[in-house]
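Take a look at the structure below.
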There are 2 protein chains.
Amino acid sequence: MPRKHSSRSGTEERRSSILTAALQCFNEHGLENTTVQDIQLVAKCSTGSLYHHFGSKEGIAVSLFVETFKNMNEGVLTELERCNDAQTGVQVVVTQICEWVSENTSSARFLLQSRDIQFSPDMHLQLGQEYGDIMRGYFQWFTPFVEDGSMKSLPLDTYVPLIIGPAQEYSRRWLAKQVARSPASLTRIFSDAAWSAVRGDV
Amino acid sequence: MPRKHSSRSGTEERRSSILTAALQCFNEHGLENTTVQDIQLVAKCSTGSLYHHFGSKEGIAVSLFVETFKNMNEGVLTELERCNDAQTGVQVVVTQICEWVSENTSSARFLLQSRDIQFSPDMHLQLGQEYGDIMRGYFQWFTPFVEDGSMKSLPLDTYVPLIIGPAQEYSRRWLAKQVARSPASLTRIFSDAAWSAVRGDV
DNA sequence: AGTTTTACTAGAATAAGATTCTAGTTTAAG
DNA sequence: CTTAAACTAGAATCTTATTCTAGTAAAACT
């Protein structure tokens with residue numbers, strides 16, 4: 001695994017070409033059934049190169065996970081910060097998620113179905129860091145509205161599941177091809193549900 | 001894989017001892033990092049025996065998944081059938097799930113984190129069968145209440161995510177030790193949210 | 001009871017695939 | 001122009017899933 005930022009040109013391309021290849025393979029054959037050779041073949045890179053960059057097959061999955069996760073959440077947070085009332089905020093979060101899933105099916109499939117990647121201790125740390133930052137972002141936005149009563153006061157850990165739970169669960173099913181209509185087309189339903197789950201009792 | 005019911009005594013014990021051992025191993029090391037040898041060791045059985053019963057490591061996971069899934073849903077359905085109004089029904093489903101997860105952490109962890117088992121075609125068929133039966137059970141119970149207006153009329157595929165989404169998403173986090181309070185202790189919050197997501201507009 | 005059939009167990013042999021290792025090559029920095 | 005570090009290659013190895021051959025034992029049949 002490379003410690004510092006790559007100093008060499010073309011190296012970032014190699015790295016991301018491996019990630020792209022991996023995403024494609026994971027989507028075609030599943031994480032489990034993808035061999036590193038499959039990835040090498042698609043990315044046109046050698047064993048050495050692949051292991052230099054990621055250390056292991058799991059390392060590839062972890063990097064992909066982290067980058068995808070950050071990517072999605074940064075998009076959502078950006079939109080959220082444009083809002084200035086609780087209801088709009090909640091609904092925008094749900095809408096953004098539904099749209100992102102519908103437009104980035106490969107990434108979404110990987111992200112939502114890969115709960116059980118085995119994170120090694122330091123990977124776990126890295127992820128925990130990112131995760132904490134992102135959550136802080138959300139909570140900072142919402143806290144004022146809990147305080148002024150426009151949102152219910154609930155245990156902190158329950159907000160995220162209440163708001164994104166239904167959309168996420170539906171998305172999982174859609175990505176697994178168990179249901180047909182895209183999450184984006186049901187945005188309204190899921191964002192209404194989210195709001196009624198956390199709105200203050202007026 | 002055995003086609004018929006086992007005719008021989010002690011065979012069912014061997015079979016279920018393998019499943020139990022597998023569940024334990026999966027929980028300790030993760031699906032990925034569990035070797036069949038690990039399972040053999042815990043179950044005290046030979047390679048031949050294990051492969052006779054399940055055909056592959058994946059086969060073990062699939063059997064475990066199917067049995068656990070049926071198990072949980074039968075419990076929920078039984079309770080549901082005792083109810084005779086929509087609100088109670090919805091809330092009982094959520095409550096049952098929260099309690100089952102809190103009381104059967106090993107099984108729940110396996111069930112909720114193993115979205116991405118690669119089902120081979122015939123396994124997929126078997127699962128699809130079970131799954132369809134169970135869903136039919138739920139829908140039969142709910143349909144009348146949609147018709148009489150006590151529940152919203154929505155696309156069929158959205159009911160399940162709306163009702164169990166938040167509880168399930170929270171449960172995932174709890175099982176991954178990302179949050180501390182047990183789902184059972186938050187039943188009220190999740191079942192209220194479920195009901196407000198699907199209640200008819202009175 | 002004796003024979004046959006079939007479920008089941010065993011563990012060695014094999015095969016597939018992940019990871020490591022050795023030997024470079026290329027680039028940036030001094 | 002030299003050196004150190006990033007990077008690439010691909011053969012060798014090591015781990016692990018799966019297959020194969022050879023049985024044992026219980027039920028079914030006569």
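Per chain, numbering begins at 1; letters A, B, ... match sequence-line order. Only this structure's heavy atoms are used, side chains among them; waters, hydrogens and symmetry mates stay out.
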Original post:
Salt bridge check: are B:Glu79 and B:Arg82 linked by an N-O gap of less than 4.0 Å?
Top reply: yes
Cut-off 3.5 Å, no hydrogens considered: what does the side-chain donor-acceptor table look like for residues 133-141 of chain A, sequence neighbours left out?
from: A:Asp133; atom 1: OD1; to: A:Arg136; atom 2: NH2; distance (Å): 3.0
from: A:Tyr138; atom 1: OH; to: A:Asn73; atom 2: OD1; distance (Å): 3.0
from: A:Trp141; atom 1: NE1; to: A:Leu80; atom 2: O; distance (Å): 3.3

**OP:** Considering non-hydrogen atoms only, spot the tightest contact between A:Gln113 and A:Arg172 and give its length.
**Re:** NE2-O, 4.5 Å
Original post:
Within this structure, what is the CD-to-P distance between A:Glu13 and D:dC7, rounded to whole angstrom?
Top reply: 11 Å
**OP:** Quick one, give me the B/S/- string for nucleotides 9-14 of chain C, reading 5' to 3', where B means a protein heavy atom under 4.0 Å from the base and S means that only happens at the primed atoms, P, OP1 or OP2.
**Re:** BBBB--
Original post:
Nearest-Å distance, CD1 (B:Ile18) to C1' (C:dC8)?
Top reply: 11 Å
Original post:
Can A:Thr47 and A:Gln40 be counted as having a side-chain donor-acceptor contact under 3.5 angstrom?
Top reply: yes
Subject >> B:Tyr159-B:Phe142 aromatic ring centre distance below 6.0 Å >> reply: no
Original post:
In whole angstrom, what separates A:Tyr51's OH from C:dT20's C1'?
Top reply: 9 Å
Any protein N or O atoms within reach of nucleotides 21-25 of chain D? Criterion: under 3.5 Å, listing atom names and distances.
from: D:dA25; atom 1: O4'; to: B:Arg8; atom 2: NH2; distance (Å): 3.3

Subject >> Atom-to-atom span, CD of B:Glu32 to C1' of C:dG17 - whole angstrom >> reply: 12 Å
Subject >> All side chain to side chain contact (heavy atoms under 4.5 Å, CB included) counterparts of A:Thr187, not counting sequence neighbours >> reply: A:Thr95, A:Cys98, A:Ser191
**OP:** For the helix from C:dA1-D:dT30 to C:dG30-D:dC1, figure out the bend between the end axes, five pairs an end, and round to 10 degrees.
**Re:** 20°
**OP:** Looking only at non-hydrogen atoms, find the nearest pair between B:Ala21 and B:Val42 and report the distance.
**Re:** CB-CG1, 3.6 Å
**OP:** Would you please classify the geometry between the A:Phe65 ring and the A:Phe110 ring as parallel, tilted or perpendicular, with 30° and 60° separating the classes?
**Re:** perpendicular
**OP:** Find the distance A:Gln40:CD to C:dT20:C1' and express it as a whole number of Å.
**Re:** 13 Å
Original post:
Looking at side-chain heavy atoms only, is the closest gap between A:Tyr170 and A:Arg181 below 4.5 Å?
Top reply: yes
Original post:
Atom CG of B:Leu31 to atom C1' of D:dT16: distance rounded to whole Å?
Top reply: 14 Å
Original post:
Among A:Val160, A:Thr158, A:Ile164, whose side chain to side chain contact (heavy atoms under 4.5 Å, CB included) with A:Leu162 holds?
Top reply: A:Thr158
Original post:
B:Lys57 NZ to D:dT15 C1': how many Å, rounded?
Top reply: 12 Å
Subject >> B:Asp38 CG to D:dT15 C1', straight-line distance once rounded to whole Å >> reply: 12 Å
Original post:
Does B:Arg14 have any side-chain hydrogen bond (donor to acceptor under 3.5 Å, both in side chains) partners at least two apart in sequence or in another chain, and if so, which?
Top reply: none
